[in-house]
Amino acid sequence: QVQLVESGGGSVQAGGSLRLSCAASRYFYSRYCMAWFRQAPGKEREGVAAVTSDGSTVYAVSVKGRFTISQSQDNAKKSLYLQMNSLKPEDTAMYYCAATSYCSRGYWPAGAFGYWGQGTQVTVSS
């Protein structure tokens, strides 16, 4: 059973920063695509950022310039990170780590991801 485990969520004031981490419990080939999604109450899950199969990064317009996605691989296990700066109340959501065998800068819908973590809550107060 593949597990993706997120950590690093919490509550911050607007303008603050948080760093999310996601650890994979199994080996993913280096070309696997990993991404962060978020879902606020009453809203659909939306993509935040992804590291695509060719290693490039892509961001949602709403977070570009404020969030930075990165990944590492140690002992054949991937880790995914999301550095979130200049947080806004509208960033409040449950954040999920996800993985799939392929995605690109132009193709990374939530439905394409087969592996999901349990989520970590991010709350930004004004």
Side-chain angles (χ1 to χ4, degrees):
Q1 182 72 21
V2 174
Q3 285 190 327
L4 298 171
V5 181
E6 303 97 335
S7 60
S11 297
V12 295
Q13 290 191 328
S17 298
L18 284 173
R19 179 177 168 86
L20 305 184
S21 298
C22 171
S25 64
R26 57 149 278 182
Y27 174 75
F28 285 105
Y29 289 105
S30 60
R31 289 183 63 82
Y32 256 69
C33 170
M34 296 190 74
W36 290 99
F37 289 81
R38 66 186 181 186
Q39 188 166 18
K43 294 188 176 181
E44 292 188 357
R45 190 168 296 190
E46 63 173 354
V48 175
V51 180
T52 66
S53 298
D54 67 0
S56 61
T57 57
V58 59
Y59 296 90
V61 171
S62 59
V63 306
K64 201 168 185 179
R66 300 187 297 120
F67 291 10
T68 302
I69 190 171
S70 60
Q71 69 178 13
S72 64
Q73 189 142 3
D74 182 32
N75 293 329
K77 294 205 177 159
K78 278 183 178 282
S79 293
L80 187 71
Y81 307 96
L82 186 68
Q83 178 66 44
M84 304 186 294
N85 299 328
S86 303
L87 282 161
K88 304 176 180 180
E90 51 263 44
D91 294 319
T92 295
M94 186 72 79
Y95 283 70
Y96 298 91
C97 173
T100 185
S101 59
Y102 174 81
C103 79
S104 67
R105 289 175 57 85
Y107 180 78
W108 55 295
F113 289 76
Y115 303 105
W116 292 87
Q118 82 288 351
T120 186
Q121 179 67 37
V122 171
T123 302
V124 185
S125 58
S126 58

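Just so we're clear, the structure is a prediction, and the values are computed from it rather than from any experiment.
Rounded to the nearest 0.5 angstrom, Leu82 CG and Ser21 OG are separated by 9.5 Å. Remark: Gln121 CD to Ser11 OG distance equals 7.5 Å, nearest 0.5 Å. We find the SG-OH distance between Cys22 and Tyr95 to be 15.0 Å, quoted to the nearest 0.5 Å. For the atom pair Cys97 SG and Gln71 CD, the distance stands at 10.0 Å (nearest 0.5 Å).
Between Leu4 and Met34, some side-chain heavy-atom pair lies under the 4.5 Å cut-off. Side-chain contact between Tyr32 and Val51 is absent, with no heavy-atom pair separated by less than 4.5 Å.
The closest donor-acceptor contact from the side chain of Ser53 to the backbone of Cys103 lies under 3.5 Å. The main-chain N or O of Val5 is never found under 3.5 Å from a side-chain atom of Gln118 such that the two would form a donor-acceptor pair. A donor-acceptor distance shorter than 3.5 angstrom exists from the side chain of Trp36 to the backbone of Tyr81, with no hydrogens or angles considered. Side-chain N or O atoms of Arg105 include one that pairs as donor or acceptor with a backbone N or O of Thr57 at under 3.5 Å. In this structure, Thr123 contributes its side chain and Thr92 its backbone to no donor-acceptor pair below 3.5 Å. Distance alone, capped at 3.5 Å, places no donor-acceptor pair between the Ser126 side chain and the Pro89 backbone. In terms of modelled atom types and a separation under 3.5 Å, the side chain of Gln13 and the main chain of Ser125 share no donor-acceptor contact. The main-chain N or O of Thr68 is never found under 3.5 Å from a side-chain atom of Gln83 such that the two would form a donor-acceptor pair.
Of all heavy-atom pairs between Ser17 and Asn85, the closest is OG-OD1, 2.9 Å.
Residues Arg38 and Asp91 are paired through a salt bridge, judged by an N-O separation under 4.0 Å between the basic side chain and the carboxylate.
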List the steps and the verdict of side chain to side chain contact (heavy atoms under 4.5 Å, CB included) for Glu6 and Leu20. CA-CA 7 Å; Glu6 303 97 335; Leu20 305 184; over 6 Å; no
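Using the six-membered ring where Trp is involved, Phe37 and Trp108 have ring planes that are tilted, between 30° and 60° apart. Taking the six-membered ring where the residue is Trp, Trp116 and Tyr96 present perpendicular rings, their angle passing 60° and hence far from 30°.
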